[in-house]
Amino acid sequence: MMVGMGEMWTKVGSIMASLMFVYAMFQQYFPYQFRSYFTKYSNKVVGLVYPYIQITFNEYSGDRFKRSEVFTAIQTYLSANSSERARRLKAHDIKDSKSLVLSLDDNEEVTDDFQGVKVWWTSYKSVPKNNTFSWYPNSDEKKYYRLAFHRRHRDLITSSYLSHIVQEGKGIEVKNRQRKLYTNGANENWYGDKRTKWSHVLFEHPATFDTLAMDPKKKKEIINDLLKFKNGKEYYAKVGKAWKRGYLLYGPPGTGKSTMISAMANFLDYDVYDLELTSVKDNTELRKLLIDTSNKSIIVIEDIDCSLDLTGQRKKEKEKKKGDEEGKGPVPKMAEELEDTNKSKVTLSGLLNFIDGIWSACGGERLIVFTTNYVDKLDPALIRRGRMDKHIELSYCCFESFKVLARNYLDVESHRLFAEIEHLLGETNMTPADVAENIMPKSDEEDADMCLKNLVAALEKAKEDAKKKAEEEAKLKAEEEAKLKAEEEEKLKAEKEEKVEKESETNSVKENGKCTCNGTSAKEVKEN
Ligand SMILES: Nc1ncnc2c1ncn2[C@@H]1O[C@H](COP(=O)(O)OP(=O)(O)OP(=O)(O)O)[C@@H](O)[C@H]1O
Ligand SMILES: [Mg+2]
């Protein structure tokens, strides 16, 4: 028996080897044109006897920019339904690594039943022939799923099964959804999937509107605005506007602009795309990044005034630099050129197009948020309504904001020091970040009383500092003015003296003239 088995395996092995040899010969020596004919007709012949139909679902289909949604839905569906049957799986961790998601490994097949009909799903990965050897996954590899079923079930599969899968898959996606924080620019030395420039981590910022310190009236207004936007699909369609909204957050550093973005994302349950403009190569790449963002997302560009030269100043600066470096030889020039190629070529018009060009309407439900410390520096075209629909100023801590912080950090609703703090906050400018830092207990021994005292001391110091600074500034200003005045007086004096000098000069000339005149007349008289 054992011998029989051994013999059989040897036979199978040799048959396989010969088949592979024939196939390799066929691939190598059969001319390409004949090969495609051959494949076509052999498929036809096989079709006569092989009763199964196959459908392929590519991850990126043809000339599309975006990952296929159907592919994603199938992937989710199969992950949820097939992990008990498949033998080779891939594991991904989700949420705090508490649970794992299993999905089909490459070239693994599973079966599925739908209304008593059996279908086969196989996952494939095709790597294009590449002569260069690389340790890293090939960026051009194509993933796809193939569905096979008997041809007598064609109608059932194409009409109901496929839509059933997509629906189920999307349902599971919504259930498992974890918000993500995406960023561009991290991919420069990254050898993974280069189709998308975004890379992500899970979004886990805990800020909410409850913990955000700001005037409650303003806060309510923003919340209402967000709600109206989120539920406004029909409205936007009715008025013929792309379903997106722009927010401009401005204010001094440490007033909660970034915190507010996190609060918005948590409130709306959206993903966050943190766009680093300086590492976007050009306008085309910017557009690609935009198309690659998902619906229900917030696209953030922080410190918009710093990330791009939006006023054309850079050009002037460069020209100046060029003038300075004339004659310095080829080395600095080359360095400069290299720097130039590394610089972003995104222009203002590219950015404007990004925000409200035709492409911005692909997909919907997107918020675009800009933050800046200097709103006056921005180009008016960039922040006009329609692009940045809502301008929100985040400012120094007021008493209302302080109360929120006191509640968050110390669990205190009222305290005897509150009145004093209110008074002090009215007189000094302190950012919420500074207030928060001051009232945060630094050790287990510090209680609310001590923390609030710290704040009072800090506020008094800030007030004192501000007073000193104001005095110094006033002094400097006075000195400057006195200097200017002195200069003016000096100038006036000099002018006066000059005038006097000139006058005396002209007088003397006049007198001389008189002499000449007299002389002439004398002469004339003489001649006469
Ligand atoms: N309004 C606020 N409510 C609650 N916490 C705040 C607020 N403003 C600032 N903070 C605290 O201060 C820290 C800094 O705030 P944040 O990063 O939001 O400032 P920012 O306005 O984005 O500053 P920058 O302009 O420098 O980016 C945050 O970690 C947060 O804890
Ligand atoms: Mg910030």
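Just so it is clear, the values below take in all heavy atoms, side chains as well, and ignore hydrogens, waters and symmetry mates. Indexing begins at 1, ligand by ligand and atom by atom, following the structure's order.
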Legend entry - Location of contacts on Thr371 toward ligand 1, heavy atoms closer than 4.0 Å: neither

Legend entry - Validation row: Thr371, Ile304 side chains within 4.5 angstrom (heavy atoms): no

Legend entry - For Tyr409, the ligand 1 atoms whose distance to one of its heavy atoms is below 4.0 Å: 31 (O)

Legend entry - cation_pi(Lys377, Tyr374) dist<6.0 Å, angle<=45: yes

Legend entry - Nearest protein heavy atom with distance in Å, relative to atom 7 (C) of ligand 1: Pro432 CB, 3.5 Å

Legend entry - Which segment of Asn373 sits under 4.0 Å of ligand 1 when only heavy atoms are counted: side chain

Inset, instruction - Return a yes/no value: protein heavy atom under 4.0 Å from atom 29 (O) of ligand 1? - result: no

Legend entry - Protein contact of atom 23 (O) of ligand 1 - nearest heavy atom, named by residue and atom, plus distance: Gly254 N, 2.9 Å

Inset, instruction - Identify, for atom 25 (O) of ligand 1, the protein heavy atom at the shortest distance, and state residue, atom and that distance. - result: Lys257 NZ, 2.8 Å

Inset, instruction - Taking the side chain as every heavy atom from C-beta outward, state whether Asn438 and Met430 have any atom pair closer than 4.5 Å. - result: yes

Inset, instruction - Before giving the answer on salt bridge (charged side-chain N to carboxylate O under 4.0 Å, His left out), spell out for Arg179 and Asp269 the whole-Å C-alpha distance, their side-chain angles and the decisive distance to 0.1 Å. - result: CA-CA 7 Å; Arg179 264 160 327 108; Asp269 203 16; 2.8 Å; yes

Legend entry - Plane angle bin for Trp243 and Phe229 - parallel if under 30°, tilted between 30 and 60°, otherwise perpendicular: tilted

Inset, instruction - Show which atoms of ligand 1 fall inside a sub-4.0 Å distance from at least one heavy-atom site of Pro253. - result: 23 (O), 24 (P), 25 (O), 26 (O)

Legend entry - Partner of Tyr396 under side-chain contact (heavy atoms from CB on, under 4.5 Å), chosen from Val435, Thr431, Thr428: Thr431

Legend entry - Protein contact of atom 2 (C) of ligand 1 - nearest heavy atom, named by residue and atom, plus distance: Ala213 N, 3.6 Å

Legend entry - Short N or O distance, Thr255 and ligand 1, threshold 3.5 Å exclusive: yes

Inset, instruction - Look at atom 12 (O) of ligand 1 and say which protein heavy atom is nearest, naming residue and atom and giving the distance to 0.1 Å. - result: Ala433 CB, 3.2 Å

Inset, instruction - Specify whether His415 and Phe418 have parallel, tilted or perpendicular ring planes, treating 30° as the upper limit for parallel and 60° as the lower limit for perpendicular. - result: tilted

Legend entry - Top protein contact for atom 27 (O) of ligand 1, by heavy-atom distance: Ser258 OG, 3.9 Å

Inset, instruction - Determine, step by step, whether Asp411 and Arg407 satisfy the salt bridge (charged side-chain N to carboxylate O under 4.0 Å, His left out) criterion, reporting the C-alpha distance in whole Å, the side-chain angles of both residues, the deciding distance to 0.1 Å, and the verdict. - result: CA-CA 4 Å; Asp411 286 325; Arg407 191 169 359 106; over 6 Å; no

Inset, instruction - Name the closest protein heavy atom to atom 15 (O) of ligand 1, giving the residue it belongs to and the distance to 0.1 Å. - result: Thr259 OG1, 3.7 Å

Legend entry - N/O/S atom of Ser258 inside 2.8 Å of the Mg ion (ligand 2), strictly under: yes

Legend entry - Contact with ligand 1 for Leu394, non-hydrogen, under 4.0 angstrom: no

Inset, instruction - Decide yes or no for Lys244 and Leu367: does some side-chain heavy atom of the first lie under 4.5 Å from some side-chain heavy atom of the second? - result: no

Inset, instruction - Please could you name the atoms of ligand 1 that Leu405 approaches to less than 4.0 Å, counting only its heavy atoms? - result: 4 (C)

Inset, instruction - Would you confirm whether the ring centroid of Phe209 sits within less than 6.0 angstrom of the ring centroid of Phe267? - result: yes

